[in-house]
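Everything on this sheet refers to the single structure shown next.
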Amino acid sequence: MTVRTRFAPSPTGYMHIGNLRTALYEYLIARGDPDGKFILRIEDTDQKRYVEGATDVIYATLKQVGMLWDEGPDIGGSYGPYIQSERKSLYAEYARKLVELGGAHYCFCSKEEADEEKDEEQNMKFEDPCKRLSLEEAKKRVAAGEPYVIRQTVNKKGKSKYHDEVYGDIEIDYDELDEGVLLKSDGFPTYNFANVVDDHLMRITHVVRGNEYISSTPKYNLIYETFGWTPPRYVHVPPVMKDAQHKLSKRNGDASFQDLVAKGYLPEAIINYIALLGWNPGTEEEIFTLEELEKTFSIERLNRSPAIFDIVKLTWMNGQYIRKLGEDEFAALAKPYITKSLTRKVDIKTLCKVLQPRIETLGAIPEEISFLEHVPEYSTELYLNKKMKTDAAVAAQALDYAVAALEKTTDWNNDVLFAALKGVAEEKGMKNGQIMYPVRIALSGRETTPGGATELAVILGKDETLARLNAARQKLA
RNA sequence: GGUCCCAUCGUCUAAAGGUUAGGACACCACCCUUUCACGGUGGGAAUAUGGGUUCGAAUCCCGUUGGGAUCACCA
């Protein structure tokens, strides 16, 4: 049987990290089968939560990370429509069928009545009086136009058992199952019903979802059973956490996929990182492209315990991806961040060369290069450095020598400049650092900089370099 | 509260009865070096707890503790 998985988000806003990871696992399971299909289905049965444009975010995100789907609302497929609101009549039809089969019943209680009944005692389940209505009676009231919902009927006793691919065998007492609403009074199905009908109709073989569904899965199995359908394989995955107590969530203001991208994280790095949040390859490798994940992924190596999202490790991994980028690729990605904070014309190529090995996110670039625009206010104490054996006096000397040497230099590139300054040090009997260090401070006003003295000089160009050197010399006078 | 799930360094994890409990991030030190990084080398750091079973337990069983989930006309 060919593997068919589905990613079924509800269009309620942004793409969350946990969601994206679920999508990734669904995608990888499908790609593990040469004929496997990854299906995108939009679960918009709750009109109250519908957010305009949210489906576009879903499409854009999946495309951005390279998780292309084989069937979906935009590209169609043999099992459409792939948007639940367009399948509305289908659910009503199946719900009525389920009633006939005894797996559900009409209920005329208002939401308030049901709530009241339940809250009387903490531990009391909702005992639906409508369950005792005869089908004829119920149909009569429906025909009379009385508002109703269709509720699941759970008559079975004993234990419900099923196998989960991650958690193993799960046993839950039928008494624990609540008789939830399957079809709402507005005619839309709830998730509890729509997911079963759609997964069956769309021939889904593997369902990946959060482990909060573990205890409601028996309800779905009951529906499959009543219809005489075969349930899919269940792959419940543990949540992605913000800390030991809280899930990562939009409500907490936790970063979404697009937030991370906006901060300069690369989609490839994000995917790589979240794949490892709850799954491991069994080897000590941890850098994987999507294609490599497609080859390596296996359900068996999925984890059962929650994983805390660690932005620090993601940041490291992002740095690894940035370093792997080709020169031009990096320049293309970095350029917007450079020009955003810089009006001065600089040598972009050299700048990128010093930037690429030391930044971990593209978003760090503006701060990293802010001194290129203006030398910040700084204390002459900066010239004091024990290891370099420099202080303000040495620096004053060094800057004089450096200006003299650099003024004569016409071929403005790193090798030439480095040789020139090194030559000065030798000639004057000074250590390299005694020249380089003061020059670097004079050019940047900062203790640490991307690139050394001569690299900064190349980036700034001859005029600006000499101007800054002279200004610093003034400051030291 | 009932039910279900989970529990190895601070974090992500490996070890599917026999390992000096391994790796990665982070941290520290050293090396490299025109600063800082990158890179390299090394270091400290964990089996929640109490009982079993077994020649032998991180691993199997039971209890305890801690955490999470669920009990919506949300998904």
Side-chain angles (χ1 to χ4, degrees), chain A residues 8-10 12 43-46 48-49 107 109-111 114-115 118 121-126 147 149-151 164 167 170-173 175-178 180-186 188-192 194-195 209-216 218 236 238-239 241 243-247 273 276-287 300-301 303-317 319 323 354-360 368 385 387-388 414 417-418 421-422 425 431-437 439-441 444 446-456:
Chain A
S10 54
T12 57
E43 307 215 332
D44 60 344
T45 57
D46 186 1
K48 291 189 288 284
R49 296 213 301 173
C107 170
C109 303
S110 68
K111 186 179 182 328
D115 281 349
K118 202 164 34 186
E121 249 177 66
Q122 177 114 80
N123 210 3
M124 201 165 99
K125 282 198 347 186
F126 171 56
V149 300
I150 290 180
R151 267 184 197 281
D164 183 86
Y167 287 91
I170 305 286
E171 257 185 43
I172 289 168
D173 207 294
D175 284 342
E176 292 295 325
L177 273 32
D178 54 87
V181 170
L182 264 23
L183 201 71
K184 303 185 247 186
S185 51
D186 64 3
F188 276 95
T190 60
Y191 167 84
N192 295 328
N195 96 83
R209 48 153 86 117
N211 71 2
E212 69 268 23
Y213 289 96
I214 285 180
S215 35
S216 44
H236 287 105
M241 310 290 285
D243 56 45
Q245 273 73 29
H246 309 280
K247 260 199 212 189
Y273 177 69
L276 263 22
L277 234 39
W279 175 83
N280 78 82
T283 65
E284 284 177 354
E285 270 178 87
E286 46 184 5
I287 302 295
E300 296 74 49
R301 296 203 70 90
N303 233 60
R304 290 175 309 280
S305 42
I308 298 174
F309 180 86
D310 183 8
I311 188 80
V312 175
K313 181 143 187 181
L314 168 60
T315 303
W316 166 79
M317 193 171 275
R323 244 142 267 143
V354 298
L355 237 28
Q356 189 172 0
R358 79 194 74 218
I359 57 163
E360 293 191 301
E368 192 71 16
N385 184 300
K387 199 179 148 208
M388 295 298 134
N414 195 55
L417 296 184
F418 188 73
L421 291 185
K422 199 172 170 181
K431 291 173 61 76
N432 279 351
Q434 287 179 305
I435 301 289
M436 300 297 187
Y437 191 87
V439 168
R440 196 175 57 79
I441 301 297
S444 68
R446 296 212 317 199
E447 191 172 6
T448 68
T449 52
T454 59
E455 282 152 334
L456 295 188

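Sequence lines set the chain letters: A, B, ... in the order given, protein chains first and strands last, and positions in each chain run from 1.
For the pair A/Ile287 CD1 and B/G23 P, the computed distance is 17 Å after rounding to whole Å. We find that CG of A/Asp243 is positioned 18 Å from P of B/G66, with the value rounded to whole Å. Between the CG atom of A/Leu183 and the P atom of B/C73 there is a distance of 13 Å, rounded to whole Å. Residue A/Glu212 contributes atom CD, which lies 15 Å from atom P of B/C6 at whole-angstrom precision. With rounding to whole Å, A/Leu277 atom CG is found 19 Å from B/A24 atom P. Rounded to an integer number of Å, the gap from CD1 of A/Ile311 to P of B/A24 is 21 Å. A/Lys247 has its NZ atom 16 Å from the P atom of B/C6, to the nearest Å.
Within 6.0 Å of NZ on A/Lys184 lie more than 12 heavy atoms contributed by other residues, nucleotides or ligands.
The partner of B/G63 is B/U49, by the rule that a Watson-Crick or G-U pair needs both atom distances under 3.5 Å. When both distances must be under 3.5 Å, the Watson-Crick or G-U wobble mate of B/A15 does not exist. Under the Watson-Crick and G-U wobble criteria, each requiring two contacts below 3.5 Å, nucleotide B/U35 is left unpaired. Remark: B/C73 base-pairs with no nucleotide in the shown strands. Criterion, Watson-Crick or G-U wobble with two distances under 3.5 Å.
A residue-by-residue look at A/His246 and A/Gly278 shows that A/Gly278 has its nearest nucleotide of RNA chain B further toward the 5' end. Comparing A/Tyr167 and A/Glu43, the nucleotide of RNA chain B nearest to each residue sits closer to the 5' end for A/Tyr167.
Here, B/C9 and B/G44 have their C1' atoms 10 Å apart, quoted to the whole Å. B/A58 and B/U53 have their P atoms separated by 16 Å, given to the nearest Å. Taking atom P in both B/U35 and B/A46, one finds a spacing of 36 Å when rounded to whole Å. Taking the P atom of each, B/U65 and B/A57 are spaced 25 Å apart, rounded to whole Å. Here the separation of B/U54 from B/C61, taken at their C1' atoms, is 12 Å to the nearest Å. The separation of B/A48 from B/G67, taken at their C1' atoms, amounts to 11 Å, rounded to a whole angstrom. Using atom C1' as the reference point in both B/U70 and B/G63, the two lie 24 Å apart (nearest Å). Comparing the P positions of B/U41 and B/C4 gives a spacing of 50 Å, expressed to the nearest Å.
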Check: Does the side chain to side chain contact (heavy atoms under 4.5 Å, CB included) test come out yes or no for A/Tyr273 and A/Asp310, once each step is laid out?
Finding: CA-CA 9 Å; A/Tyr273 177 69; A/Asp310 183 8; 3.4 Å; yes
Check: Would A/Asn195 and A/Arg209 satisfy side chain to side chain contact (heavy atoms under 4.5 Å, CB included), going step by step from the backbone distance to the final call?
Finding: CA-CA 11 Å; A/Asn195 96 83; A/Arg209 48 153 86 117; 3.3 Å; yes
Check: Under the side chain to side chain contact (heavy atoms under 4.5 Å, CB included) criterion, do A/Leu276 and A/Lys313 qualify, and how do the steps go?
Finding: CA-CA 11 Å; A/Leu276 263 22; A/Lys313 181 143 187 181; over 6 Å; no
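Taking only side-chain nitrogens and oxygens, A/Lys48 never comes nearer than 4.0 Å to OP1 or OP2 of B/A75. For A/Arg301, a side-chain nitrogen or oxygen approaches OP1 or OP2 of B/A15 to under 4.0 Å. Look at A/Asn211 and you won't find any side-chain N or O under 4.0 angstrom from OP1 or OP2 of B/C5.
In this structure, of B/A75, B/C4, B/G2, it is B/G2 that holds the atom nearest to the side chain of A/Glu176. You'll find that the side chain of A/Arg304 is closest to B/A7, out of B/C74, B/C71, B/A7. For A/Thr190, the listed nucleotide lying nearest its side chain is B/C73; candidates were B/A7, B/U70, B/C73.
Within 4.0 Å of A/Lys422, counting heavy atoms only, lies no atom of the nucleic acid at all. Within the 4.0 angstrom heavy-atom criterion, only backbone atoms of the sugar-phosphate kind lie near A/Gln245; the bases stay farther away. If you check every strand for non-hydrogen atoms under 4.0 Å, A/Cys107 touches nothing. Using a 4.0 Å heavy-atom criterion, one finds that A/Thr45 contacts the sugar-phosphate atoms exclusively. A/Asn303 comes within contact range of the sugar-phosphate backbone alone, with a heavy-atom separation under 4.0 Å but no base atom that close.
Counting distance only, with no hydrogens placed and no angle test, the side-chain atoms of A/Ser185 and the base atoms of B/C73 include a donor-acceptor pair under 3.5 Å. In this model, a side-chain donor or acceptor of A/Tyr213 finds a partner on the base of B/A75 within 3.5 Å.
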Note to self: One character per nucleotide, please: for nucleotides 25-38 of chain B, 5' to 3', B when the base has a protein heavy atom closer than 4.0 Å, S when only the sugar-phosphate does, - otherwise.
What the structure shows: SS------BBBBSS
Next item on the list: Indicate for each nucleotide in nucleotides 40-49 of chain B, in 5' to 3' sequence, whether protein heavy atoms under 4.0 Å reach the base (B), only the sugar-phosphate (S), or nothing (-).
Entry: ----------
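Partner of A/Pro450 under the side chain to side chain contact (heavy atoms under 4.5 Å, CB included) criterion, chosen from A/Glu455, A/Arg358, A/Gln356: A/Arg358.
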